[in-house]
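Written out below as structure tokens is the structure these notes cover.
Just so it is clear: chains get the letters A, B, ... in the order the sequence lines come, proteins before strands, and each one is counted from 1.
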Number of protein chains: 2
Amino acid sequence: MDATVDLSACRGCHCLAARRHARAVTRLFDEKLRPHGLRATQFSVLAALALAGPTPVTGLAEKLGLERTTLTRIAAVLERHGWVSIAPSEDARERPLRLTGAGRRKLVGAFPAWKEAQDLVDRWTDAQDPADRYPAGSVRQTR
Amino acid sequence: MDATVDLSACRGCHCLAARRHARAVTRLFDEKLRPHGLRATQFSVLAALALAGPTPVTGLAEKLGLERTTLTRIAAVLERHGWVSIAPSEDARERPLRLTGAGRRKLVGAFPAWKEAQDLVDRWTDAQDPADRYPAGSVRQTR
DNA sequence: CCTAGGTAGGTGTATATACACTCCAGCCGT
DNA sequence: ACGGCTGGAGTGTATATACACCTACCTAGG
């Protein structure tokens, strides 16, 4: 019963802009990391663990700004690959995640690829407007 | 064989920042839209269709900056709810997506909720630093 | 007409994401 | 010691996301 709403305001949707930007950047990082068998999210978790040392799931999730339960699933994949393991803890409720040797090697090996992607995005943000207006598709033109 | 890599550079990862930001913003929009039974992504698609009229999947995906196959899945959910349908086309390969009456009503009904979320993010970006450094969790403090 | 190639779209599979709910372990008061 | 409470973590379910692959349809050349 209300056709007077001005839907054109939706063109400036912050959520769409943020998601679109994240998707584009993620596709680039995934592309660079693919030869190493790592996804962008997985790289983030491994890097966070390398920098912070063994960390319980809840704390790590907060650090990364994602849901605790999401990190649980991501950690399961990383464990399956042998890149992280559960560290012992005095408090049996905690299950600190710890980078394994294989995980550290994987991370260090993938670092140059990560750096490449990171530098590419640096150059984009320098060249383009400060807002995050990456035209759709421009991200993949590197191939 | 290389422990000399400076992993601390990963603290400034553009991909993590973009994803973290998108997750936070999405959680807010989802929270506002939840009473209407809509997700942020779904709202985006409905709004895009309302503004552009019937559009083939590929074109709409480009407009929204997401993978064509991703839009296929999203569209399936929207169709299931009766909010979009396949419009006829001369070219039988194309399957233009079209907003249904129910879809338009759903969209218009959810618009105020969307606007609320949009305005909230406006205020954040005005108040905070221009980069997108939302401290983890601050997004949910509105509850 | 008929086939080769290109275009529009869907499927299989895997991961990412989050909410609601459940479970287990420690803690604390009586 | 027990019983409830709280905190840390996992599960069930649904959607989002993308790549590799597959199918259907048009169109141009023969």
Side-chain angles (χ1 to χ4, degrees), chain A residues 15-16 18-31 33-35 37-45 55-62 64-81 83 86-87 89-97 137 139-140 143, chain B residues 15-16 18-31 33-35 37-45 55-62 64-81 83 86-87 89-97 137 139-140 143:
Chain A
C15 189
L16 176 57
R19 290 179 75 85
R20 183 211 301 273
H21 175 62
R23 282 190 296 255
V25 172
T26 301
R27 278 194 290 263
L28 173 73
F29 275 77
D30 276 349
E31 183 182 321
L33 291 173
R34 194 165 308 132
L38 271 180
R39 302 291 218 71
T41 302
Q42 300 169 344
F43 183 93
S44 298
V45 174
T55 315
V57 172
T58 299
L60 190 58
E62 273 167 16
L64 295 171
L66 45 75
E67 275 295 310
R68 180 185 55 79
T69 58
T70 301
L71 182 53
T72 296
R73 318 292 170 129
I74 295 171
V77 174
L78 297 179
E79 262 190 277
R80 189 149 47 73
H81 285 285
W83 298 329
I86 309 289
S89 167
E90 324 78 48
D91 191 335
R93 289 172 302 186
E94 287 185 350
R95 295 155 169 260
L97 291 174
V139 159
R140 313 219 42 155
R143 113 192 86 110
Chain B
C15 189
L16 176 57
R19 289 178 76 84
R20 183 211 302 272
H21 175 62
R23 282 191 296 255
V25 172
T26 301
R27 278 194 290 262
L28 172 73
F29 275 77
D30 275 350
E31 184 181 320
L33 292 173
R34 195 166 306 131
L38 270 180
R39 301 294 217 69
T41 303
Q42 300 169 345
F43 183 94
S44 297
V45 173
T55 315
V57 172
T58 298
L60 189 59
E62 272 166 19
L64 295 171
L66 45 76
E67 273 295 310
R68 179 185 56 79
T69 58
T70 300
L71 183 53
T72 296
R73 316 292 170 129
I74 295 171
V77 174
L78 298 179
E79 262 190 277
R80 188 148 47 73
H81 285 285
W83 298 329
I86 308 288
S89 167
E90 322 79 49
D91 190 334
R93 289 172 302 183
E94 286 185 352
R95 296 154 168 260
L97 291 175
V139 159
R140 311 218 45 152
R143 110 193 89 110

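- Backbone-only contact: Thr41(A) has heavy atoms under 4.0 Å from sugar-phosphate atoms and none from a base.
- Between the CD1 atom of Ile86(B) and the C1' atom of dA8(C) there is a distance of 12 Å, given to the nearest Å.
- For the residue pair Gly37(B) and Trp83(B), the shortest heavy atom distance occurs at O-CH2, 3.5 Å.
- Between the side chain of Arg68(A) and the base of dG10(D) there is at least one donor-acceptor pair of N/O atoms closer than 3.5 Å.
- As judged by a 4.0 angstrom heavy-atom cut-off over every strand, Arg23(B) is placed among residues touching the sugar-phosphate backbone only.
- In this structure, Arg80(B) and Thr55(A) both approach DNA chain D, and ranking their closest nucleotides by distance from the 5' end singles out Thr55(A).
- Between Arg34(B) and the phosphate of dC19(C), there is a side-chain N or O to OP1/OP2 separation shorter than 4.0 Å.
- Look at Arg39(A) and you won't find any side-chain N or O under 4.0 angstrom from OP1 or OP2 of dT17(D).
- Taken to the nearest 0.5 Å, the OG1 atom of Thr41(A) stands 10.5 Å off from the CG atom of Leu71(A).
- Residue-level contact check: Thr69(A) touches the bases, meaning some heavy atom is under 4.0 Å from a base atom.
- Distance from the side chain of Glu94(A) is smallest for dG8(D) among the nucleotides dT15(C), dG10(D), dG8(D).
- For dA16(D), the OP1/OP2 oxygens have no side-chain nitrogen or oxygen of Thr70(B) closer than 4.0 Å.
- Between Ile74(A) and Arg39(A), every side-chain heavy-atom pair lies at or beyond the 4.5 Å cut-off.
- One interatomic measurement links the two molecules: CD of Glu90(B) to C1' of dC25(D), which rounds to 14 Å at whole-angstrom precision.
- In this structure the side chain of Arg27(A) reaches within 4.5 angstrom of the side chain of Glu67(B), judged on heavy atoms.
- Put simply, CG on Leu28(A) is 18 Å from P on dT17(D), counting in whole angstrom units.
- Atom C1' of nucleotide dA18(D) and atom CG of Leu71(B) are separated by 13 Å, given to the nearest angstrom.
- Summarising the geometry, the separation between CD1 on Ile74(B) and C1' on dT17(C) is reported as 13 Å, rounded to the nearest angstrom.
- Between the CZ atom of Arg93(A) and the P atom of dA25(C) there is a distance of 11 Å, given to the nearest Å.
- Between its opening and closing five pairs, the helix from dC1(C)-dG30(D) to dT30(C)-dA1(D) changes axis direction by 10°, a value rounded to 10 degrees.
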message: Evaluate Leu66(B) against Arg19(A) for side chain to side chain contact (heavy atoms under 4.5 Å, CB included), listing each step before the verdict.
response: CA-CA 9 Å; Leu66(B) 45 76; Arg19(A) 290 179 75 85; over 6 Å; no
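- Listed nucleotides dA16(C), dA25(C), dA16(D) differ in distance to Ala92(A); the shortest reach to its side chain belongs to dA25(C).
- In this structure, the CZ atom of Arg27(A) is 7 Å from the P atom of dC19(D), given to the nearest Å.
- Using a 4.0 Å heavy-atom distance criterion, Asp30(A) is classed as making no nucleic acid contact.
- Scanning all heavy atoms of the two residues, the minimum distance from Ala22(B) to Thr26(B) falls at O-OG1, 2.6 Å.
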- request: Show your reasoning for whether side chain to side chain contact (heavy atoms under 4.5 Å, CB included) applies to Leu97(A) and Leu78(A).
  value: CA-CA 10 Å; Leu97(A) 291 174; Leu78(A) 297 179; over 6 Å; no
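- Applying the 4.0 Å criterion to OP1 and OP2 of dG9(C), one finds that Thr58(B) has a side-chain N or O inside that range.
- Counting any heavy atom pair closer than 4.0 Å across all strands shown, Arg73(A) reaches a base atom.
- Side-chain atoms of Val77(A) and Arg73(A), non-hydrogen and from C-beta on, never get closer than 4.5 Å to each other.
- Comparing Arg95(B) and Leu66(A) by the nucleotide of DNA chain C whose heavy atom lies nearest to each, the residue mapping closer to the 5' end is Arg95(B).
- At whole-Å resolution of the value, CD in Glu31(A) and P in dT15(C) are 20 Å apart.
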